[in-house]
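As the structure is a computational prediction, the values presented were derived from the model and not from experiment. Residue numbering restarts at 1 for every chain, and letters A, B, ... go by the order of the sequence lines.
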There are 2 protein chains.
Amino acid sequence: MSTQKLNTEARREQIARAALELFTREGLEGFSIAKLSASVGLVPSAIYRHFKGKEEVLVASLDVLRDKLYGLVEAARDESDDPVDVLERLLRKHARLIASGKAAPHILLSSDAARGHAKRRAKLHRIFVGYMHRIEGIAAEGQAMGVIRKDVGAETIALLFAGMIQPAALMMSAGEKNFDLKSHVNQSWKLFHQAIRQK
Amino acid sequence: MSTQKLNTEARREQIARAALELFTREGLEGFSIAKLSASVGLVPSAIYRHFKGKEEVLVASLDVLRDKLYGLVEAARDESDDPVDVLERLLRKHARLIASGKAAPHILLSSDAARGHAKRRAKLHRIFVGYMHRIEGIAAEGQAMGVIRKDVGAETIALLFAGMIQPAALMMSAGEKNFDLKSHVNQSWKLFHQAIRQK
DNA sequence: CTACAATGTGAATGTCTATTCACATAAAGG
DNA sequence: CCTTTATGTGAATAGACATTCACATTGTAG
């Protein structure tokens, strides 16, 4: 049995991507080198040509996660100059991702984030904080422009924003079939928007 | 080596409690019969005198989780007749639990909910939905009493409420030492309260 | 075209896991 | 006090796992 050979750089990326998907789908518990290698059409031992071990694969998958997540924010920013509008667009981007079932970024907001080796945990934490800082930045911008109230910290606004996404992701992944994501997002946004706007 | 013998009912409860704690602390990945039995001073095989297997232990631990979670809601309801006040008390109870590091409910309800055996997943899902229904009930009560706005569904209010708790729990368990939980709760409540109140 | 380095393979190793079972001991009732 | 039954023990089994290594194959530089 022979597989097409790829240079390390390409393989590393392919493996890291597959690792993120596997991690997202099965969690830490279901993540194994065997499953990972199978998902890229390799044999387990081949993984070790490109990574020192399982831990290094997981850490690499976090880079993919970071890029996806931050990319979402950048895309939203590019679409509008009004910070409030940017937040709404970002929320709807998240919703679309959640609805598609491939809600990769949201494992960040999950419990697996809090576990694992210290180094990996620290990295996930940095990504999460970085994401929050970006939301905070958008909120602060809105405050400076006078479209978002100033008597509440930008950090609080950012956390509340995250709070709109997380329970919705949970409802969907838990398979609540009667859950109407679209309507939840619309109503949540309405509440959130009225709560934060400058009066 | 001999250990004090306990009747099955008492042992089952002790084991289920320990299981919830272990599950909360280590996640599914770190949960093993060996660690569990050690935490109650038994030998692994002893667990099988009281449970058919690992899966049954996990399911039993969910009963403990349910009781804790619903108990929190009941306690908050008992303390006040004003639904808005009940919600604030409940939020602060959650905050205290999170601060104490024993944030059992919150972590579990994030991502492990979506995994594992179908039966266990379904049970966790029922618990989550049951919790949401309770919050929804409080919100609906407030709407009926005219202290909470009626132009937004009680379900949305409940989800936003959950959204105040989950990201905070995550921040704490991820070990963000600069995170000021107390101030987050105060500001979140201020925002949430103003957002939902009847004007 | 040929050698060499990079990449892939399959078998082997050792650790951890859940689970079972024959045996031991404590508790409780007669 | 003694017997029975529930509970606990330690050893054994079988499977999953991460990781290593000797060997095979591919791609490529000279």
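The distance between atom OH of B/Tyr48 and atom P of C/dA22, rounded to the nearest whole Å, is 17 Å.
Nearer the 5' end of DNA chain D, as judged by each residue's closest nucleotide, is the contact made by A/Phe31, out of A/Phe31 and A/Arg49.
If you check residues 32-40 of chain B against DNA chain C, the residues with a heavy atom closer than 4.0 Å are B/Ser32, B/Ile33, B/Ala34, listed by number.
For B/Leu42, counting side-chain heavy atoms from C-beta on, the closest listed nucleotide (C/dG8, D/dG10, D/dG8) is D/dG8. For A/Ser45, taking side-chain heavy atoms from C-beta onward, the closest of the listed nucleotides C/dC21, D/dT20, C/dT19 is D/dT20. Taking only side-chain atoms of A/Lys54, from C-beta outward, the nucleotide of C/dA27, D/dT19, C/dT19 with the closest atom is D/dT19.
Contact annotation: B/Thr8 side-chain N/O to D/dT7 OP1/OP2 distance is under 4.0 Å. Distances shorter than 4.0 Å separate none of the side-chain N or O atoms of A/Arg11 from OP1 or OP2 on C/dA6. Within the 4.0 Å cut-off from OP1 or OP2 of C/dA6, not a single side-chain nitrogen or oxygen of A/His50 is found.
Salt bridge annotation for B/Glu56-B/Arg12: present, with a cationic side-chain nitrogen under 4.0 angstrom from a carboxylate oxygen.
Distance check, rounded to the nearest 0.5 Å: CZ of B/Arg120 to CD of B/Glu55 gives 4.0 Å. The line from CZ of A/Phe51 to CG of A/Leu36 is 8.0 Å long, rounded to the nearest 0.5 Å.
Checking side-chain atoms of B/Ser61 against main-chain N and O of B/Leu58 turns up a donor-acceptor pair under 3.5 Å.
The aromatic rings of A/His193 and A/Trp189 sit parallel, their planes meeting at an angle under 30°, below the 60° perpendicular limit.
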